[in-house]
Amino acid sequence: MTADSTPATGCPDRTTKFGVFGTRPDEAGMKKNILQPDFAPNYGSDVQRGTISGAVTDANGLHRTLGNRQIQLIAIGGSIGTAIFLTIGSALTHCGPGSLLLAFLVHNIMLGFVNSCMAEMAVYMPVSGGFIRMASKWVDEAWGFMAGWNFFIYEALNIPFEITAIHTILSFWRDDIPAAAVCAACIVLYG
């Protein structure tokens, strides 16, 4: 078989230095076509391979339609938290602007590494879910189970922190707001 011949699949063979692409020798030493199984019907040479246009969809029904700007805004919004606004004042007065900038840079470099790893995993093998599903797919089902409970406990403990942060910010302007009123308002808004 030469590089110019057309096999039964309708696609010309590609000759490499290791042999003809799409064929392999069987037990008797004869070349067998591995691109088209023996049970597949032969449609002739008028059937050609096609491409999918539009949004790329995988087996999980995911559509890759987010742009670069949208992904960057999601990453920036996820990395800015309440702790930056609450603790930056005391850290600035105790340590100065240089150490605050250095700590902020080190922290954000680590966040960048984590975000880059998550992006690589999401592009290489997308899953229909967040990082908990990624942990299940990439490591183990038990690891994903543990990551899910860990995130739940983190979020459950984060609610009292957010209530404390709201009370701290409100007490900066007015001292007459009771902590119980802030707690009650947050419970009503969360519930």
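- The backbone N or O of C117 sits nowhere less than 3.5 Å from a side-chain atom of E120 that would complete a donor-acceptor pair.
- Taking every heavy atom of both residues into account, A135 and G144 meet most closely at CB-CA, 3.9 Å.
- Considering only residues two or more places apart in sequence or on other chains, L92 meets the side chain to side chain contact (heavy atoms under 4.5 Å, CB included) condition with P97, L100.
- Expressed to the nearest 0.5 Å, how far SG of C186 lies from CD1 of I163 amounts to 4.5 Å.
- With rounding to the nearest 0.5 Å, the separation of CG in N158 from CZ in F151 is 9.0 Å.
- Scored by the side chain to side chain contact (heavy atoms under 4.5 Å, CB included) test, M121 finds M118, M134, W138 as partners (sequence neighbours excluded).
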Distance-only criterion, 3.5 Å: show the donor-acceptor pairs between side-chain atoms of residues 164-171 and protein atoms not counting sequence neighbours.
unit_1, atom_1, unit_2, atom_2, d
T164, OG1, P160, O, 2.9
T168, OG1, T164, O, 2.8
S171, OG, H167, O, 3.1
S171, OG, T168, O, 2.9

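- The stretch residues 176-191 participates, sequence neighbours left out, in these side chain to side chain donor-acceptor pair (under 3.5 Å) pairs: R174-D176.
- Through chains of ILVMFWY side-chain contacts below 4.5 Å, L105 is grouped with L101.
- From M146, atom CE reaches atom CD1 of I132 across 10.5 Å, with rounding to the nearest 0.5 Å.
- Contacts classified as salt bridge (charged side-chain N to carboxylate O under 4.0 Å, His left out) and involving residues 138-160 (residues at least two apart or in different chains) are not found.
- Grouping Ile, Leu, Val, Met, Phe, Trp and Tyr residues whose side-chain heavy atoms lie under 4.5 Å apart, directly or via other members, places W149 in a hydrophobic cluster with F145, F152, I153, L157.
- As a member of the Ile/Leu/Val/Met/Phe/Trp/Tyr network built from side-chain separations under 4.5 Å, M110 groups with I109, F113.
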